[in-house]
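Quick notes on the structure that follows.
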Amino acid sequence: MGKPYTPTDREQKLCEWANNKFKQSYVAKAPIMEKWKQYESAYNGEYFKNENRPDYKSNQITNLIFSTIESIRPIMTDNEPKFITIPTTPEGNQVAGDVQVALDYEWARENMSLKLSAQLLPMLIYGTCCWFLPWNAKGGEMGEVSCKSVNPFNIFPDPLAESVEDSEYIIYATYKHANQLKKAFPDKAEAFVGGNISHSELVADRDKDAVGEQNQILTFEMWFRDWTTMDEIEDEKGNKSKVQKYPNGRILTCCPDLGIVLDDKKNPYKDGKFPFIFMKDYEVPFEFWGRGEVEQILSPQIYMNELTNQIIDNAKTTANMPWIIDKNCGIAPGKLTNRPGLVLRKNPGSEIRRDTPPAMPMYVRDSIEVMKHDIQDVSGVFDSLKGEKQSGVVAAQAIMALQEASQARIRLKIKIMEHYLGQLATMWYSRMQQYWKFNKWVRVTDVENNVDFKEISPEILKNDFDIRIGAGSTMPTNKNAMLDLMIRLAQTTAEDGLPMVDRKSILEFLPNVDKKAI
């Protein structure tokens with residue numbers, strides 16, 4: 001048995017420095033996280049539950065916040081994004097199609113359609129979602145790009161930063177079980193002593209119902225700029241000079257509470273960027289975090305629920321008005337009920353009656369409708385966007401025009417989302433350029449569901465490209481209208497005697513059928 005592992009003074013100082021940076025960022029981010037918790041609670045409907053409300057009071061929740069977000073989300077993910085590879089040199093023009101095929105394959109391999117749909121929730125609720133794009137090495141040169149969805153609660157950036165690019169540091173804070181760290185770092189196993197979770201937001205409050213010792217250890221993965229640490233190099237003539245040791249940044253992985261450094265190395269990525277991509281719902285100039293939908297529609301939602309419950313309470317009261325009886329009427333307590341056909345005998349000269357209930361003012365109901373319209377106006381999600389029929393609009397073209405107009409706000413969101421996905425694809429391609437050292441076969445599926453394989457060589461990836469998402473490629477389309485248009489174009493003869501479109505163009509807009517068999 002060797003001696004138990006003891007952190008060195010250097011390790012402890014590094015951990016203390018990282019912990020101080022974490023505390024600075026945590027303090028700056030704390031008010032934002034409190035708001036995020038409220039917004040998430042509002043989306044789930046828990047924010048509007050009044051547990052201290054008496055039993056006889058109504059607590060009806062009509063959650064239009066949930067409805068609004070879940071109306072936006074499927075529209076934004078209706079279609080797969082189409083990558084456009086724009087070569088920066090003439091040589092790349094010949095292989096642009098192969099690079100596009102490789103990106104499509106990578107997108108499918110990582111199940112990005114499901115991940116994107118899930119990541120739109122924090123983007124729409126909090127205002128920001130985060131992607132983490134490391135290279136997952138499985139041993140040697142083999143490995144793959146890993147695109148991880150990160151909870152924004154776990155990211156702590158430089159408080160003075162406006163974006164990832166100008167951040168001096170970004171801390172990815174998580175809790176890991178002590179046994180997990182013991183397995184990964186057996187030489188330090190005896191030093192890993194876990195405890196209870198002190199920052200519940202880092203585990204999405206999953207520790208609330210935990211019983212007993214949790215054996216968790218706070219772990220930082222800190223990406224930061226190190227401008228001061230220098231290396232001394234010597235050229236062929238024996239001249240010595242100093243250069244930056246970490247020109248692309250530095251990664252410090254540590255357990256700050258234990259003073260243990262797990263890893264300390266250079267940023268391995270040639271692009272020199274921190275591997276984080278942040279997608280924002282509403283971009284706020286000069287602020288790191290974006291704004292979401294809930295922040296703007298929470299107030300009318302609260303008052304709408306209050307007025308709705310007042311109407312329900314009024315309906316309960318007016319449908320069952322209290323009885324007014326004299327003490328000497330001879331009716332025993334509990335004998336008066338709402339049973340139909342109830343017969344009561346009372347003493348002569350005494351009174352039993354019910355007052356006529358006052359009518360609910362119309363402005364109360366009107367106020368609820370005003371709140372609903374306010375939520376629609378603020379969010380941009382109108383009834384026509386949900387497919388509901390509008391009174392007075394019966395013509396097909398008029399309905400389509402109305403739906404297209406109602407998608408104006410959504411189109412802007414999709415345009416912004418496509419911009420961020422383009423950044424993600426560009427970083428993804430940079431990983432492929434750096435780490436794909438061998439020929440790789442990728443699967444290709446065409447519109448007729450025919451499966452083929454294409455070989456991608458490292459020579460192809462040597463060319464630089466600007467990766468973008470086709471403008472509007474993720475926008476929803478009226479497939480029935482497009483199918484009708486394609487059929488009419490197929491029946492229209494061009495100057496050369498051939499139809500305007502071919503069969504494959506029509507197949508693209510057919511419903512879920514066996515296109516290959518057709």
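Computed from a predicted model, the values in this text were never measured in an experiment.
Every residue was checked against the ring pair (Phe, Tyr, Trp, His ring centres under 6.0 Å) condition with F274, not counting sequence neighbours, and none meets it. Considering only residues two or more places apart in sequence or on other chains, Y105 meets the ring pair (Phe, Tyr, Trp, His ring centres under 6.0 Å) condition with none of them. Partners of F132 according to the ring pair (Phe, Tyr, Trp, His ring centres under 6.0 Å) rule, which considers only residues two or more places apart in sequence or in another chain, are Y172, F276. Every residue meeting the ring pair (Phe, Tyr, Trp, His ring centres under 6.0 Å) condition with W36, not counting sequence neighbours, appears here in chain and number order: Y126, F153, W289.
Using a 4.5 Å heavy-atom cutoff, the side chains of Y420 and L424 are not in contact. In this structure the side chain of F22 never reaches within 4.5 angstrom of the side chain of M222, judged on heavy atoms. Residues V442 and V101 form a side-chain contact, since some pair of their non-hydrogen atoms from C-beta on lies under 4.5 Å apart. Counting only heavy atoms from C-beta outward, the side chains of F278 and C129 never approach each other to under 4.5 Å. Annotation: side chain of P157 is not in contact with side chain of Y169 (no heavy-atom distance under 4.5 Å). A heavy-atom distance below 4.5 Å is not found between the side chains of I375 and D377. Side chains of L421 and W107 form a contact here, defined as non-hydrogen atoms less than 4.5 Å apart. The shortest side-chain heavy-atom distance between K49 and N59 falls under the 4.5 Å cut-off.
Here the closest heavy-atom approach between residue I414 and residue I75 is recorded as CD1-O, 4.1 Å. Closest non-hydrogen pair, A161 versus F288, comes out as O-CB, 3.6 Å. Smallest separation of non-hydrogen atoms from S163 and S167: O-OG, 2.7 Å. When all heavy atoms of Q24 and P159 are compared, the pair lying nearest together is O-CG, 3.9 Å. Residue I469 comes nearest to G422 through the heavy atom pair CG1-N, 3.7 Å, listed as atom of the first residue, atom of the second, then distance. Contact detail for S146 and N136: the closest heavy-atom pair is CB-CB, 3.9 Å.
Looking at S25, its side chain never comes within 3.5 Å of a backbone N or O of K21 through a donor-acceptor pair. A donor-acceptor pair under 3.5 Å is absent between the side-chain atoms of N305 and the main chain of I61, judged by distance alone. Between the Q100 side chain and the F83 main chain, a donor and an acceptor come within less than 3.5 Å of each other. When atom types are taken as modelled, the side chain of N44 and the backbone of S41 share no donor-acceptor pair closer than 3.5 angstrom. With E106 contributing its side chain and A425 its backbone, the two residues share no donor-acceptor pair below 3.5 Å. Although no hydrogens or angles enter the test, the distance criterion places no donor-acceptor pair under 3.5 Å between the side chain of N314 and the main chain of Q310.
Evaluated for a side chain to side chain contact (heavy atoms under 4.5 Å, CB included) with P256, the options L218, I171, N20 yield exactly one hit, L218.
The pair D281-R291 fails the salt-bridge criterion, with no side-chain N (NZ, NE, NH1 or NH2) lying under 4.0 Å from an Asp/Glu carboxylate O. The pair E283-K280 counts as a salt bridge, with a side-chain nitrogen and a carboxylate oxygen less than 4.0 angstrom apart. Contact check on K82 versus D104 returns no salt bridge, with no Lys/Arg side-chain nitrogen under 4.0 Å from an Asp/Glu carboxylate oxygen. At a threshold of 4.0 Å, the pair E144-R109 counts as salt-bridged, since one of the basic side-chain nitrogens sits closer than that to a carboxylate oxygen.
More than 12 heavy atoms of other shown residues, nucleotides or ligands fall within 6.0 angstrom of atom NZ in K37. Heavy atoms of other residues, nucleotides or ligands lying less than 6.0 angstrom from CZ of R225 number more than 12.
D313 and S58 share a donor-acceptor pair across their side chains, judged by distance under 3.5 Å alone.
The line from CZ of F465 to CG of L103 is 9.5 Å long, rounded to the nearest 0.5 Å. Residue M279 holds its CE atom at 6.0 Å from CE of M417, rounded to the nearest 0.5 Å. In this structure, CG on L64 lies 6.5 Å from OG1 on T62, to the nearest 0.5 angstrom. In this structure, the separation between OG1 on T426 and CZ on R468 is 9.5 Å, given to the nearest 0.5 Å. To the nearest 0.5 Å, atom CD1 of residue I302 and atom CD1 of residue I65 are 7.5 Å apart. Here the CD atom belonging to Q216 is positioned 8.5 Å from the CD atom belonging to Q180, to the nearest 0.5 angstrom.
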Which atom pairs, donor and acceptor, lie under 3.5 Å between side-chain atoms of residues 111-124 and protein residues at least two apart or in another chain?
from, atom 1, to, atom 2, distance (Å)
S113, OG, E80, OE1, 2.9
S113, OG, E80, OE2, 2.2
K115, NZ, E110, O, 3.4
K115, NZ, E110, OE1, 2.9
K115, NZ, C147, O, 2.6
S117, OG, R73, NH1, 3.3
Q119, NE2, C130, O, 2.6

Just list the side-chain donor-acceptor pairs under 3.5 Å for residues 192-205, sequence neighbours left out, or say none.
from, atom 1, to, atom 2, distance (Å)
N196, OD1, Q214, N, 3.2
S198, OG, Y175, OH, 3.0
S200, OG, D207, OD1, 3.2
S200, OG, D207, OD2, 2.9
E201, OE2, Y26, OH, 2.5

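Taking the ring axis of F156 as reference, the NZ or CZ atom of K29 stays within 45° of it and closer than 6.0 Å to the ring centre.
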Could you walk me through whether I217 and K176 pass side-chain contact (heavy atoms from CB on, under 4.5 Å), step by step?
-> CA-CA 5 Å; I217 298 175; K176 294 186 177 180; 5.6 Å; no

Check the pair I170 / V164 against side-chain contact (heavy atoms from CB on, under 4.5 Å), numbers first and verdict last.
-> CA-CA 8 Å; I170 291 180; V164 177; 3.9 Å; yes

Please assess Y282 against E293 for the test side-chain hydrogen bond (donor to acceptor under 3.5 Å, both in side chains), listing each intermediate value before the final yes or no.
-> CA-CA 8 Å; Y282 293 104; E293 302 294 326; 3.2 Å; yes

Intermediate values then yes/no, side-chain contact (heavy atoms from CB on, under 4.5 Å), V294 and Q301 = CA-CA 9 Å; V294 183; Q301 173 73 74; over 6 Å; no

